[in-house]
Amino acid sequence: MADPRLATVAVTGLNATDNPGPGMGVIRALRHNPEFKGKIVGLVYDTLEPGIYATQWVDEVYLIPYPSEGIDALSARLHYINEQVGIDAIIPTLDSELPAFIALEPLLKGWGIGMFLPSQAQFQLRSKARLIELGKQADIDVPPTQILQDVKDLYTIHETLGWPLVIKGMLYGATICRNVDEAVAAYHKVAAQWGYPILAQRFLKGEEFDVVAVGDGQGGLIGAVPMRKTFLTDKGKGWAGISIRDPALLRITERFMQATKWRGPCEVEILKSTEGYHLIEVNPRFPAWCYLSAGAGMNLPEAVLELSMGHEVTPKTEFVVGRMFVRISLDQIADIEDFQALTTRGELRRAQDKVEP
Amino acid sequence: MESVQRLNELAISDAGFVFDPWSGATFNVNPTAKLLLDGLKAGEGRVALMARVRNGFEVSALTDLRRDVDEFIGLLKEFGLLDRDFALSDAHG
């Protein structure tokens, strides 16, 4: 069995923008272990994903086709990339690409590429449309949620959900709406951006907590770190946060793992209101803030790399409470040659071009 | 029961910076409040808490210490650091 510390690891989600993909958090966590001497390969959809130009973190970069281009296009591209660099493991980090990577897992395994992902059934069960069903299975309170068949539904929805409510896309986007006009506008915006179906969820006032967790695929928890956002952007994204120890958050996460036998990383979003704890959403991948897990002493991306490569990982229970993360925006200076290599050849092989002194 | 456990887990620095590891919330407390928190963590009742303040600070005869201590308890409940149904004992210890 290959040594994960010497592995070539491909990671997606290098779009470290003001609404960042999780890729850079995963990569930094892998490199957090000083014994990691492997290679990081960025898999990107756009030539200006900021992580491409983070030369200290990413060794090589390859463009991959958008999920809309289908599984065949992705497998052909991964086949090529694997021939170039010899990938040991892939850690996909974006919701929209996960169904394709899950479908390709057996094929990639045959090529010697490991992943640690949920099954299609698990992936579907935690979808926003089936959150109520998941709540019943896992005995977790979930806010009433309704799938909207048509924009007309918004004119009567207050009878069941009341105002305000939250309009959500299946993969991304959540807008708090106080009346029909706001709800209709949010409906069309989400539909144009992310497509159908669209959901309406009862708005609950309270404080949101998030848990980054990894399930072992058999109902157990490999590890989990709960976090409270302490600073939000205007998009509602956490720009700073702190690790915490509320036992109720870990209990809910454990129940989710038991009910779904979740395999791989996820982010459990929980709202604490005066009525108690409610499961708001489960994201089927690492959150962008997952580097906090490494900073708090429970390196979950490293655990996923080990599991992807077939190693056994002992469940982790200890982490530092009160460890903070504070994001920063920095302008990176980039070589136009790097940009040129990606736009013309679709690949950037920085390590190969490196001139040794 | 949970109230006492939660209070005991509060991290309180000498400067009066308080971190609640359950919620991630942080607070700044003045020396009087810090003294009261220390007393509550030690499981003291109202009489003992009032005595703590009298011994630690100059307290004017006009000060209604009982009311001040109760107000502080109310504040802790408001911030979720004590259960809503927490009742301070009138016993000394």
Quiz item: Rounded to the nearest 0.5 Å, how far does CG of D246(A) lie from CZ of R6(B)?
Solution: 6.5 Å
Practice problem: Give a yes or no on whether K136(A) atom NZ has more than 12 heavy-atom contacts from other residues, nucleotides or ligands under 6.0 Å away. | Solution: no
Exercise. Just do the side-chain contact (heavy atoms from CB on, under 4.5 Å) check on V321(A) and W22(B) with the steps written out, would you?
Key: CA-CA 9 Å; V321(A) 176; W22(B) 283 41; over 6 Å; no
Quiz item: For the atom pair CD1 (I244(A)) and CG (D20(B)), what is the distance rounded to the nearest 0.5 Å?
Solution: 8.5 Å
Exercise. Step through the shown structure and confirm whether more than 12 heavy atoms of other residues, nucleotides or ligands are within 6.0 Å of NZ on K77(B).
Key: yes
Quiz item: So which part of A11(B) gets closer than 4.5 Å to some heavy atom of chain A, the side chain, the backbone, both or neither?
Solution: neither
Self-check item: E318(A) CD: over 12 foreign heavy atoms closer than 6.0 Å
Solution: no
Quiz item: Hey, is CZ on F57(B) packed in by over 12 heavy atoms from elsewhere, all under 6.0 Å?
Solution: yes
